[in-house]
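Atom set for the values below is all heavy atoms of this structure, side chains included, hydrogens, waters and symmetry mates excluded. First the proteins, then the strands, lettered A, B, ... as listed; each starts at 1.
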2 protein chains.
Amino acid sequence: MPLSDKNALTIGGLAKASGVKVTTIRYYEGIGLIEPPVRSPGGQRLYGGEAVERMRFIRHSRDLGFSLDTIRELIALSGDKDRSCAEVDEIVKRHAGDVRLRIERLKSLEKELNRMIRECSANRVAECHVMEVLANHALCETEHLKA
Amino acid sequence: MPLSDKNALTIGGLAKASGVKVTTIRYYEGIGLIEPPVRSPGGQRLYGGEAVERMRFIRHSRDLGFSLDTIRELIALSGDKDRSCAEVDEIVKRHAGDVRLRIERLKSLEKELNRMIRECSANRVAECHVMEVLANHALCETEHLKA
DNA sequence: CATACTCTCTACAGACACTGTAGGTTCAAG
DNA sequence: CTTGAACCTACAGTGTCTGTAGAGAGTATG
């Protein structure tokens, strides 16, 4: 993107076009996830169209739950167009596995919470079954390992 | 717990008895989640048996996914033994709702990730379907709002 | 050209729930 | 009395941003 490009986007324009907030874009630049763009004579950031693509890629990957570190890997891989995409698949599979695990844990959590609620007969706090369960894991039916 | 109590626990003993790490106990004291205990002449923390109960309560609540702020509320409510436990129920219900929502989101995420994996034919990165999907939410089937 | 107004700039603090580090002190056992 | 584990404080770092403050840049109108 040459400086002379009249179609350059300011950071606000990039934010609107990509759905990533201005402050977040600056943050991504700060941690080296994206390249620093050229600046206007007054010091404002100016972006070309490819920056929109990149920001959308990042945003969608974030929405799919990938960490910024993983996204960094994906971006690096995408630079090597001729490489087999087996590594990319591997990363996505690993992530899908993580997600499945988290779902399992949350499900047993949900079961336990619902059981607690069902079994409370709304008495005084002093005899509250919910409170007892909170105090004592032995009263739980499931193992609900930390979410 | 009088200072003279020979059965007092040091922070390490409390950690073992409750399953909460030493540093975490100090952290909880720092943020005012638990009361500062009495100290030995040399300045070391000394805890009585009720501290073990409290730490277990906190740990189990954390395992069930409650935030420290919510646990703070629960502890405050537990101090008022005669109060109806409707508020406690309310808190647990709200949390159960949050958990359900998270499960829903993770499920649609999982679906999308699995679809991405299935549809990749392991070519070069340049034509990788996974990469395309990451770049473009329009290629998604589900709405998979942020997890 | 002056003014107003929006956008952008940097730098730093805060959120959550801890974990880790550095450098020192206390305590119980041998 | 010495050793070694456990303890102490204070502070920085994790991840992914969000929010704030105060100042400068760019644009539209009078």
Side-chain angles (χ1 to χ4, degrees), chain A residues 3 5-34 36-47 51 55 57-75 95 98 102 145-147, chain B residues 3 5-34 36-47 51 55 57-75 95 98 102 145-147:
Chain A
L3 259 172
D5 190 343
K6 298 288 180 201
N7 293 343
L9 290 165
T10 62
I11 196 167
L14 176 59
K16 244 177 239 162
S18 66
V20 177
K21 290 190 188 150
V22 169
T23 43
T24 304
I25 296 172
R26 282 197 284 252
Y27 168 70
Y28 287 165
E29 185 185 322
I31 63 167
L33 187 62
I34 57 173
V38 295
R39 300 275 186 141
S40 75
Q44 302 197 350
R45 291 170 179 83
L46 294 177
Y47 299 91
M55 286 311 307
F57 179 91
I58 294 172
R59 178 171 144 75
H60 195 212
S61 301
R62 288 290 299 135
D63 285 353
L64 287 164
F66 291 93
S67 72
L68 293 183
D69 267 358
T70 305
I71 294 171
R72 213 189 287 268
E73 278 186 72
L74 289 170
I75 289 175
H95 182 54
D98 281 2
R102 270 198 283 164
L145 299 170
K146 242 187 254 209
Chain B
L3 258 172
D5 192 343
K6 298 287 181 201
N7 293 343
L9 289 165
T10 62
I11 197 168
L14 176 58
K16 243 176 240 163
S18 65
V20 178
K21 290 190 189 149
V22 168
T23 42
T24 305
I25 295 171
R26 281 198 284 252
Y27 169 70
Y28 287 166
E29 184 184 322
I31 63 168
L33 186 63
I34 57 174
V38 294
R39 301 275 186 142
S40 75
Q44 303 197 351
R45 291 169 178 82
L46 293 178
Y47 298 91
M55 287 312 306
F57 179 91
I58 294 172
R59 178 172 144 74
H60 195 212
S61 301
R62 287 290 299 134
D63 285 353
L64 287 164
F66 291 93
S67 73
L68 293 183
D69 266 0
T70 305
I71 294 171
R72 213 189 289 267
E73 277 185 73
L74 289 170
I75 289 175
H95 182 54
D98 280 3
R102 271 198 282 165
L145 299 170
K146 240 187 253 206

Contacts of type side chain to side chain donor-acceptor pair (under 3.5 Å), residue [X], not counting sequence neighbours:
X       : value
B:Glu73 : none
A:Thr23 : none
A:Arg45 : A:Glu29

(message) Restricting to side chain to side chain contact (heavy atoms under 4.5 Å, CB included), what partner residues turn up for A:Thr24, sequence neighbours left out?
(response) A:Val20, A:Lys21, A:Tyr28

(message) My understanding is that only residues two or more places apart in sequence, or in another chain, count here; which of them pass side chain to side chain contact (heavy atoms under 4.5 Å, CB included) with B:Val22?
(response) B:Ile11, B:Ala15, B:Arg26

(request) Taking heavy atoms of chain A and a 4.0 Å limit, find me the 5'-most and 3'-most nucleotide of DNA chain C within that range. (result) C:dT8 to C:dT10

Name the pairs: protein N/O against N/O of nucleotides 17-23 of chain D, kept only if under 3.5 Å.
| residue | atom | partner | partner atom | Å |
| --- | --- | --- | --- | --- |
| D:dC17 | OP2 | A:Tyr28 | OH | 2.9 |
| D:dC17 | OP2 | A:Arg62 | NE | 2.7 |
| D:dT18 | OP1 | A:Lys21 | NZ | 3.4 |
| D:dT18 | OP2 | A:Thr24 | OG1 | 2.9 |

Applying ring pair (Phe, Tyr, Trp, His ring centres under 6.0 Å), name anything that partners [X], two or more places apart in sequence or on another chain.
X       : answer
B:Tyr27 : none
A:His60 : B:His137, B:His144
B:Phe66 : B:His95

(request) Would you give a per-nucleotide map of nucleotides 2-10 of chain D, 5' to 3', where B means the base has a protein non-hydrogen atom under 4.0 Å away, S means only the sugar-phosphate does, and - means neither? (result) -----SSB-

(message) Can you list everything that forms a salt bridge (Lys or Arg N to Asp or Glu O under 4.0 Å) with B:Asp69? Sequence neighbours excluded, please.
(response) B:Arg72

(request) For A:Ile31 and for A:Gly42, locate the closest nucleotide of DNA chain D by heavy-atom distance; then report the residue assigned to the nucleotide nearer the 5' terminus. (result) A:Ile31

(request) Return the minimal non-hydrogen interatomic distance between A:Ile25 and A:Ile34, and the atom names on each side. (result) O-CD1, 3.8 Å

